[in-house]
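Written below as structure tokens is the structure these notes are about.
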Amino acid sequence: MTPNSQPLQQIVDAIRSRHRFLLSSHSRPDGDSIGSQLAMAYALSALGKEVVAVNADPAPGPLMQFPGVADIQIAPRVEGTFDAAIIMECGDLRRTGVEGLERFFVINIDHHPGNSGYGQINWFDASAAACAEMVFELVRALGVPLTVEIATHIYLAILTDTGSFHYSSISPRTFDICRDCLEAGVDPVRVARNVYDSNNMGRLKLFGAVLSAMQLDPMGHIAIVYVDHEMARAAGGTYEDTEGLINLPLTVKEILAVVFFKQAEGDEYRVSMRSKGDIDIGAVAKEFGGGGHKNAAGCTVRGGIDALQKLFIAKIEQAIERDGLKSAS
Ligand code: 5GP
Ligand code: MN
């Protein structure tokens, strides 16, 4: 028996004995949030359960084309009663951005290091490349057939959460699951086109503006990108349009890490980071009160932008020194 089989069985039992479920995930949902949530929603519906999905923020535009995404309710708090709330892909209950979840029996399914264990049942597996790998296991354990809708959402989550199969969290299990998804009828070309080739012109122009202003650290290993409301407006794009931009500097061989500052309000910035190989950017995010994974992490900080950039470069340089140049090159 693996250490994880116990919470999995507890979740199966908890689902079987309950009827009305609320599903949620982290605010500003990504492909793994949406994919995990909707794979779960379709699986519960197949068991004859009542399901309502609620998130604080809408899905990124390209994900709206996938089945069921338009049915997710966007609300700052949950009304009504549910037998259980299943929270997926979310390290802490507050990160849902949805109030009122603590009133319910909470099932916490997640792969983020540092998950706070906020549920009545907590199933945590940091070795999962996407939370949807865990949802896949749960769907199997519930005896629900892998329909094309469920498989599409699981594949979508894995594709996006591994950065198109770039991150070090990928395992043989990842490909076993993807294989099963394809056998269930997923068209990987169509999923990739929907996710990555659904840009509008404003987004492309904004990418151009942000990348033109990109800076490098003195060693040339760290890319620093920045966007504010004015730049977005001038390019005819929005902040949501910058989704995925952070991965582009990493396509340069010498660049080992990227830090992306997005001005929120005044001197508050959302910081997203990405890295290659063993460089643990998650540890850097944690120092600033955020979190995430080794190769993809984020936090929110306040201060002057010049000082913040210097501070993050210094921390990332330390991470590169500590975790090694060799592994990423
Ligand atoms: P992104 O850069 O795409 O916003 O986030 C990358 C990863 O870091 C995601 O897995 C996300 O859940 C995590 N992350 C981003 N921002 C935060 C944050 O403020 N706190 C925590 N705990 N995790 C974050
Ligand atoms: Mn994830």
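Just so you know, ligand 1 is whichever comes first in the structure, and atom 1 is the first atom listed for that ligand.
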Salt-bridged, [X] to [Y], with N to O below 4.0 Å?
X: Arg20; Y: Asp83; value: no
X: Asp280; Y: Arg322; value: no
X: Lys315; Y: Glu317; value: no

Distance filter under 4.0 Å to [X] heavy atoms, resulting ligand 1 atoms:
X: Gly292; result: 8 (O), 13 (C), 23 (N)
X: Arg274; result: 1 (P), 2 (O), 3 (O), 6 (C)
X: Arg270; result: 4 (O), 15 (C), 16 (N), 19 (O)
X: Ser272; result: 1 (P), 2 (O), 4 (O)

### Message
Does Lys49 have more than 12 heavy atoms from other residues, nucleotides or ligands lying within 6.0 Å of its NZ?
### Response
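Count over threshold, so yes.
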### Message
Show, in sequence, the C-alpha distance, side-chain angles and deciding distance for Arg173 and Asp125, and conclude whether the salt bridge (charged side-chain N to carboxylate O under 4.0 Å, His left out) test is met.
### Response
CA-CA 13 Å; Arg173 167 173 69 166; Asp125 182 0; 3.2 Å; yes
### Query
Is it true that Phe261 and Tyr226 have ring centroids separated by less than 6.0 Å?
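No, they do not, as the ring centres are separated by 6.0 Å or more.
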### Query
From the Mn ion (ligand 2) out to just under 2.8 Å, does an N/O/S atom of Asp161 turn up?
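So Asp161 does bind the Mn ion (ligand 2) by this criterion.
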### Message
Looking at ligand 1, is there an atom of it that comes within less than 4.0 Å of some heavy atom belonging to Gly91?
### Response
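It does not, in that no heavy atom of Gly91 comes within the 4.0 Å cut-off of ligand 1.
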### Task
May I ask whether His112 has any heavy atom positioned less than 4.0 angstrom from an atom of ligand 1?
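Per 4.0 Å heavy-atom rule, His112 contacts ligand 1.
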### Query
Can you tell me the angle formed at the Mn ion (ligand 2) by NE2 of His111 and OE2 of Glu89, to 10°?
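Rounded to 10°, it measures 130°.
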### Query
So between Arg95, His26, His111, His293, whose heavy atom ends up nearest atom 11 (C) of ligand 1?
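Minimum heavy-atom distance to atom 11 (C) of ligand 1 goes to Arg95.
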### Message
Give me the residue, atom name and distance of the protein heavy atom closest to atom 24 (C) of ligand 1.
### Response
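Heavy-atom neighbour on the protein nearest atom 24 (C) of ligand 1: Gly291 O, 3.3 Å.
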